[in-house]
Protein chains: 2
Amino acid sequence: MNGETSISTEESILVAARKVFESKGFDGARMQEISDLAGINRALLHYYFRSKEKMFERIFDEALERLMPLLSTWDHDPEESWESKLKRFISTFITFLKANSMLFLLREIIRKPDLLASRTKKYRKGVNKFVHYFERLKAEQLIRPDVDSRYIYIIIHSLCSFPLMNAIVFSYSLRISGKDYEELMKGYPELISDLMIQLLKYQKN
Amino acid sequence: MNGETSISTEESILVAARKVFESKGFDGARMQEISDLAGINRALLHYYFRSKEKMFERIFDEALERLMPLLSTWDHDPEESWESKLKRFISTFITFLKANSMLFLLREIIRKPDLLASRTKKYRKGVNKFVHYFERLKAEQLIRPDVDSRYIYIIIHSLCSFPLMNAIVFSYSLRISGKDYEELMKGYPELISDLMIQLLKYQKN
DNA sequence: TTTACATTTAACAAAAATGTTAAAATATTC
DNA sequence: GAATATTTTAACATTTTTGTTAAATGTAAA
């Protein structure tokens with residue numbers, strides 16, 4: 001059929017496409033730039049993927065797929081405390097987002113909501129797990145009962161995602177270099193873990 | 001010079017441009033769509049603003065300008081408690097972001113970092129005020145001293161911005177309609193005000 | 001009513017981007 | 001080395017988009 005070569009070429013195209021699509025978005029991405037970055041010529045792009053659209057969808061799907069395993073953190077597991085689960089989730093979520101890009105997904109979903117709607121019931125199942133996990137904790141009176149689990153979901157995701165997707169603006173605002181911002185953010189996962197735990201700890205009035 | 005007409009035409013073009021640029025971004029925006037939305041023809045767009053670029057910069061600058069008054073919340077004012085200031089900031093910030101778009105600014109700054117770099121020392125002054133305000137509170141032992149003021153800045157902004165710019169995704173994830181998400185978010189400003197206050201309250205030990 | 005500005009129309013120019021193709025060159029495998 | 005698959009080259013077609021222009025029409029105000 002086909003040798004090693006074609007697989008690694010396809011892969012190198014995908015790597016380039018990922019980079020360009022993630023930084024410039026679908027509308028800003030140029031086929032020429034992708035082929036340049038992949039070190040091949042434009043014609044070969046169409047030889048492997050028929051069109052820009054098709055190539056993009058491949059990249060988008062992969063990005064969405066990478067997001068999902070994260071949510072499986074929230075399976076019920078009597079061995080692990082919720083505090084530890086929370087810490088683990090926050091730390092892996094932030095690490096994950098460094099390499100990938102929430103902004104990419106968000107930008108493209110807003111451009112074309114179908115992208116989300118037509119895919120992945122799986123994703124919503126993951127979210128369900130999350131909400132149910134915290135509902136159970138509330139039922140068992142392990143955390144305070146008066147905070148809507150959906151708020152917990154929103155808050156955690158906001159605290160994890162935004163500081164990374166907004167890194168450029170934050171580092172500019174705070175007058176520090178990108179490197180120094182990264183440095184600053186090293187203490188961040190622990191801080192927000194503590195913050196969340198403090199928020200959730202059961203308090204009789 | 002020129003009558004009422006031209007002003008309101010220019011304004012209606014700007015309104016349309018704002019809408020299109022904010023939802024599609026510079027790369028996705030089409031001059032045709034803007035002129036259609038403004039109810040005029042494409043030629044008139046160039047009569048008023050020479051080019052797409054120029055028009056965009058006008059929109060971008062205005063969006064950035066609207067952001068700044070918010071930061072003046074953080075002037076020192078011995079009359080008002082920090083808790084009240086915090087609440088007021090969070091509530092106005094969230095209201096502001098509903099109409100405008102943080103995502104727009106972020107997306108375009110990433111596309112072309114010059115947009116931010118070439119503008120507005122004013123903006124950074126506002127951020128300075130914020131950081132200094134909390135440094136003072138720490139010096140006066142009114143809040144706990146062990147949280148870097150920059151983290152406070154990052155956390156507040158994340159909690160305010162992200163739930164709004166990510167509304168589509170959150171409402172999809174949580175399986176509720178856009179309307180219901182808005183409804184849900186009514187209780188949100190108060191929750192995060194409390195959360196922040198709880199985080200900052202001085203704790204010996 | 002004349003002058004100046006505002007707006008439309010419609011055609012066009014130019015550039016940028018995507019997509020196609022055929023033929024030649026290169027590499028791989030049998 | 002013959003056969004097959006990969007890749008380049010280069011030219012071209014098509015479409016989309018931005019930007020321009022000139023002429024006609026409308027409108028408001030001096």
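What you are looking at is a predicted structure, and each value in this text was computed from that prediction instead of being measured. So you know, we letter chains A, B, ... as the sequences are listed, proteins then strands, and number each from 1.
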Stepwise side-chain contact (heavy atoms from CB on, under 4.5 Å) test for Ser193(B) and Tyr188(B): CA-CA 9 Å; Ser193(B) 295; Tyr188(B) 183 74; over 6 Å; no

Length of the line joining Arg42(A):CZ and dA13(D):C1', which is rounded to integer Å: 12 Å

Ring-ring centroid check Phe89(B) Trp74(B), cutoff 6.0 Å: yes

Axial cation check for Phe104(A) ring with Arg107(B), 6.0 Å and 45° limits: no

Residue Leu44(B), side-chain atoms from C-beta onward, closest of dG19(C), dT7(C), dT8(D): dT7(C)

Nucleotide dT20(C), atom P - distance to CG of Leu45(A) in whole Å: 12 Å

N or O in side chain of Asn41(A) less than 4.0 angstrom from dT7(D) OP1/OP2: no

Nearest-neighbour nucleotide for the Tyr48(A) side chain, dT8(C), dG19(D), dT7(D) considered: dT7(D)

Rounded distance in Å - CD (Glu10(B)) to C1' (dC5(C)): 14 Å

Euclidean distance, atom NZ of residue Lys54(B) to atom C1' of dG19(D) [Å, nearest integer]: 13 Å

Phe49(A) CZ - dG19(C) C1' separation (whole Å): 16 Å

Within the 6.0 Å centroid threshold, strictly below: His157(A) and Phe93(A): yes

Donor-acceptor pair present, Arg50(B) side chain and dG19(D) base, under 3.5 Å: no

side-chain N/O Tyr47(B) vs dT21(D) OP1/OP2, d < 4.0 Å: no

Distance below 4.0 Å between His46(A) side-chain N/O and dG19(C) OP1 or OP2: yes

Side-chain N or O of Thr9(B) closer than 4.0 Å to phosphate OP1/OP2 of dA6(C): no

Arg58(B) charged N/C atom sitting above Phe49(B) aromatic ring, 6.0 Å / 45°: no

Separation of atom CE in Met31(B) from atom P in dA16(C), rounded to whole Å: 16 Å

Integer-rounded Å distance: dT20(D) C1' and Lys52(B) NZ: 18 Å

Selection from dA17(C), dT21(D), dA10(D) that lies nearest to any side-chain heavy atom of Ala43(B): dT21(D)

Nucleotide dA27(C), atom C1' - distance to CD1 of Ile40(A) in whole Å: 16 Å

Sugar-phosphate, base or nothing in reach of Ala38(A), heavy atoms under 4.0 Å: nothing

